[in-house]
Number of protein chains: 2
Amino acid sequence: MDSTLKGTLHRRGLRMTPQRQLVLDAVRELGHATPEQVCSRVQATAPAVNITTVYRTLDLLEELGVVRHAHLGHGAPTYSEHQHRHVHLVCHHCGRVDEAPTELLSDVASRTLADLGFHLDATHVALSGTCVDCAHDDEDSADGAPEQDDTAPQEGAEGDR
Amino acid sequence: MDSTLKGTLHRRGLRMTPQRQLVLDAVRELGHATPEQVCSRVQATAPAVNITTVYRTLDLLEELGVVRHAHLGHGAPTYSEHQHRHVHLVCHHCGRVDEAPTELLSDVASRTLADLGFHLDATHVALSGTCVDCAHDDEDSADGAPEQDDTAPQEGAEGDR
DNA sequence: TTCAGTGCAAAGTTTTTGCAATCCC
DNA sequence: GGGATTGCAAAAACTTTGCACTGAA
């Protein structure tokens with residue numbers, strides 16, 4: 001069957017527009033991006049496109065199953081192609097997003113299912129932590145942020161908000 | 001050393017106030033709650049407390065290492081006691097939050113560290129999926145494809161957005 | 001031609017900031 | 001008493017909604 005965006009839209013009685021194609025292209029190119037990032041990308045080509053349209057189009061594309069969103073680090077959701085399935089690893093120091101195959105969580109998925117009956121969707125939410133570079137920075141230079149006092153030098157701390 | 005809130009504050013030259021105690025109590029009682037939920041809980045006892053104060057106090061408590069926040073499902077962060085470490089399993093149908101021991105992810109943590117140098121913080125972000133009850137509901141109401149068909153019909157209730 | 005789709009402006013939400021009054025130490 | 005804290009109001013950031021115009025089919 002027709003798997004183009006146009007085809008998918010027509011099957012539902014919806015219409016193809018340049019804006020929709022641009023939004024989808026932007027999502028594909030960016031990998032995983034917030035609505036605002038998508039908007040910027042789109043506006044690089046078509047400055048007139050409104051952010052409202054981007055929001056509406058992302059919602060629509062998600063409803064169509066063409067894209068999906070995941071909640072990385074802070075509040076802003078990020079959109080990516082639906083087929084582009086992988087586990088997100090977000091560094092909450094620098095915000096960088098690594099990717100890992102979904103198989104990474106298959107054992108965990110089995111366990112949550114067996115133990116709690118919980119069907120894990122590995123791609124929807126990101127795992128959080130510290131990336132290679134930031135871990136190194138911590139070791140090397142004890143630069144400007146010794147903030148973590150005596151309390152409990154746990155991993156998670158700032159990097160957010 | 002003094003591990004009371006008052007002690008922790010004084011060690012940093014900060015002051016103890018009833019509001020701060022109330023916010024901390026609320027976080028403890030609620031387990032994991034959004035700033036707004038914390039505020040409601042606090043206002044049940046002290047109606048005059050402003051939400052602004054709740055936000056500021058949560059930030060402060062986090063900086064002190066007393067509480068931490070995690071990003072469950074949608075945008076709103078939820079706060080919990082720092083010691084209260086576990087993996088969150090959020091159902092994106094009903095919004096329910098299950099908990100699992102952090103050991104659940106220890107193998108995964110080893111692998112991300114070995115493969116990518118990524119230090120996983122298991123407690124910061126929730127895993128997303130479908131809880132037992134919602135999975136059952138799906139079966140009952142039939143209509144096939146309980147697993148792979150996360151294509152279009154998801155995000156039912158208040159789980160998202 | 002028709003009505004889905006868009007842009008613009010205004011309204012919501014949620015969180016942050018400025019400041020004078022308050023109250024902890 | 002002095003300065004950290006608070007409450008209130010306004011601002012900022014992020015999304016959604018209403019509506020008249022535009023354009024895809």
Side-chain angles (χ1 to χ4, degrees), chain A residues 2 4-24 26 33-40 42-43 45-64 66-67 69 71-79 95 158 160-161, chain B residues 2 4-24 26 33-40 42-43 45-64 66-67 69-79 155 158-161:
Chain A
D2 189 350
T4 63
L5 178 54
K6 187 172 182 177
T8 306
L9 287 166
H10 284 189
R11 227 167 292 127
R12 305 255 298 226
L14 302 175
R15 297 174 184 174
M16 181 56 176
T17 68
Q19 287 90 336
R20 288 177 175 174
Q21 187 63 58
L22 286 169
V23 167
L24 178 53
T34 63
E36 198 149 353
Q37 293 172 317
V38 171
C39 189
S40 300
V42 168
Q43 290 181 335
T45 304
V49 174
N50 196 282
I51 183 135
T52 302
T53 300
V54 172
Y55 276 108
R56 283 190 284 223
T57 302
L58 286 172
D59 277 354
L60 174 64
L61 293 180
E62 181 153 40
E63 205 183 308
L64 295 175
V66 177
V67 306
H69 78 271
H71 298 281
L72 277 46
H74 76 304
T78 64
Y79 289 78
E158 25 51 35
D160 255 279
R161 190 159 304 279
Chain B
D2 188 348
T4 61
L5 177 54
K6 186 171 182 176
T8 306
L9 287 165
H10 285 189
R11 227 167 295 128
R12 305 256 298 225
L14 302 175
R15 295 175 183 173
M16 182 56 177
T17 67
Q19 289 90 335
R20 288 177 174 173
Q21 187 62 59
L22 286 169
V23 167
L24 177 53
T34 63
E36 197 149 354
Q37 292 172 318
V38 170
C39 188
S40 300
V42 168
Q43 291 182 335
T45 304
V49 175
N50 195 284
I51 183 131
T52 301
T53 300
V54 173
Y55 275 107
R56 282 190 286 225
T57 303
L58 287 172
D59 277 354
L60 174 65
L61 293 180
E62 181 153 40
E63 204 183 311
L64 295 174
V66 177
V67 306
H69 77 271
H71 297 283
L72 276 47
H74 77 306
T78 64
Y79 288 79
E155 326 299 281
E158 34 117 20
D160 248 76
R161 189 132 309 237

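All values reported here derive from a predicted model rather than from experimental measurement. Here is the naming used below: chain letters follow the sequence lines, and residue numbers restart at 1 for every chain.
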[X] [atom1] to [N] [atom2], straight-line distance once rounded to whole Å:
X: A:Y55; N: C:dG7; atom1: OH; atom2: P; answer: 15 Å
X: B:Q37; N: C:dT14; atom1: CD; atom2: C1'; answer: 14 Å
X: A:Q19; N: C:dG7; atom1: CD; atom2: C1'; answer: 9 Å
X: B:L9; N: C:dC24; atom1: CG; atom2: C1'; answer: 11 Å
X: B:E36; N: C:dT16; atom1: CD; atom2: P; answer: 13 Å
X: A:R11; N: C:dA4; atom1: CZ; atom2: P; answer: 19 Å
X: B:Q21; N: D:dT6; atom1: CD; atom2: C1'; answer: 17 Å
X: B:L58; N: C:dT14; atom1: CG; atom2: P; answer: 15 Å

For DNA chain C, what residues of residues 45-53 of chain B have any heavy atom nearer than 4.0 Å?
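Under 4.0 Å from DNA chain C: B:T52.
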Atom pair [atom1]/[atom2] of [X] and [Y] - distance to nearest 0.5 Å:
X: A:N50; Y: A:Q19; atom1: CG; atom2: CD; result: 10.0 Å
X: A:L58; Y: A:R56; atom1: CG; atom2: CZ; result: 12.0 Å
X: A:H69; Y: A:D59; atom1: NE2; atom2: CG; result: 9.0 Å
X: A:K6; Y: A:R15; atom1: NZ; atom2: CZ; result: 12.5 Å

Which residues satisfy the side-chain hydrogen bond (donor to acceptor under 3.5 Å, both in side chains) test with [X], sequence neighbours excluded?
X: B:T45; value: none
X: A:Q37; value: A:T34
X: B:Q21; value: B:D25

Report the residue (A:P35 or B:R56) whose heavy-atom-nearest nucleotide on DNA chain D is the more 5′ of the two.
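Going by which nucleotide is closer to the 5' end, it is B:R56.
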Among residues at least two apart in sequence or on other chains, which ones pass side chain to side chain contact (heavy atoms under 4.5 Å, CB included) with [X]?
X: B:A46; result: B:L22, B:V49
X: B:S40; result: none
X: A:R20; result: A:L5, A:L9, A:L14, A:T17, A:T57, A:L60

Side chain proximity check, B:Y79 to B:V66, heavy atoms < 4.5 angstrom
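They are not in contact (no side-chain heavy atoms under 4.5 Å apart), so the answer is no.
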Using five pairs at each end of the helix from C:dT1-D:dA25 to C:dC25-D:dG1 to define an axis, what is the angle between those two axes, to 10°?
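The angle separating the two end axes equals 30°.
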Under 4.0 Å: is that the gap between some side-chain N or O of A:R20 and OP1 or OP2 of C:dT6?
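Affirmative; the distance criterion is met.
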What's touching nucleotides 23-25 of chain D from the protein side, N or O pairs under 3.5 Å?
from, atom 1, to, atom 2, distance (Å)
D:dG23, N2, A:R15, NH1, 2.7
D:dA24, O3', A:M16, O, 3.3
D:dA24, N3, A:R15, NH1, 3.4
D:dA25, OP1, A:H10, NE2, 2.7
D:dA25, OP1, A:M16, N, 3.4

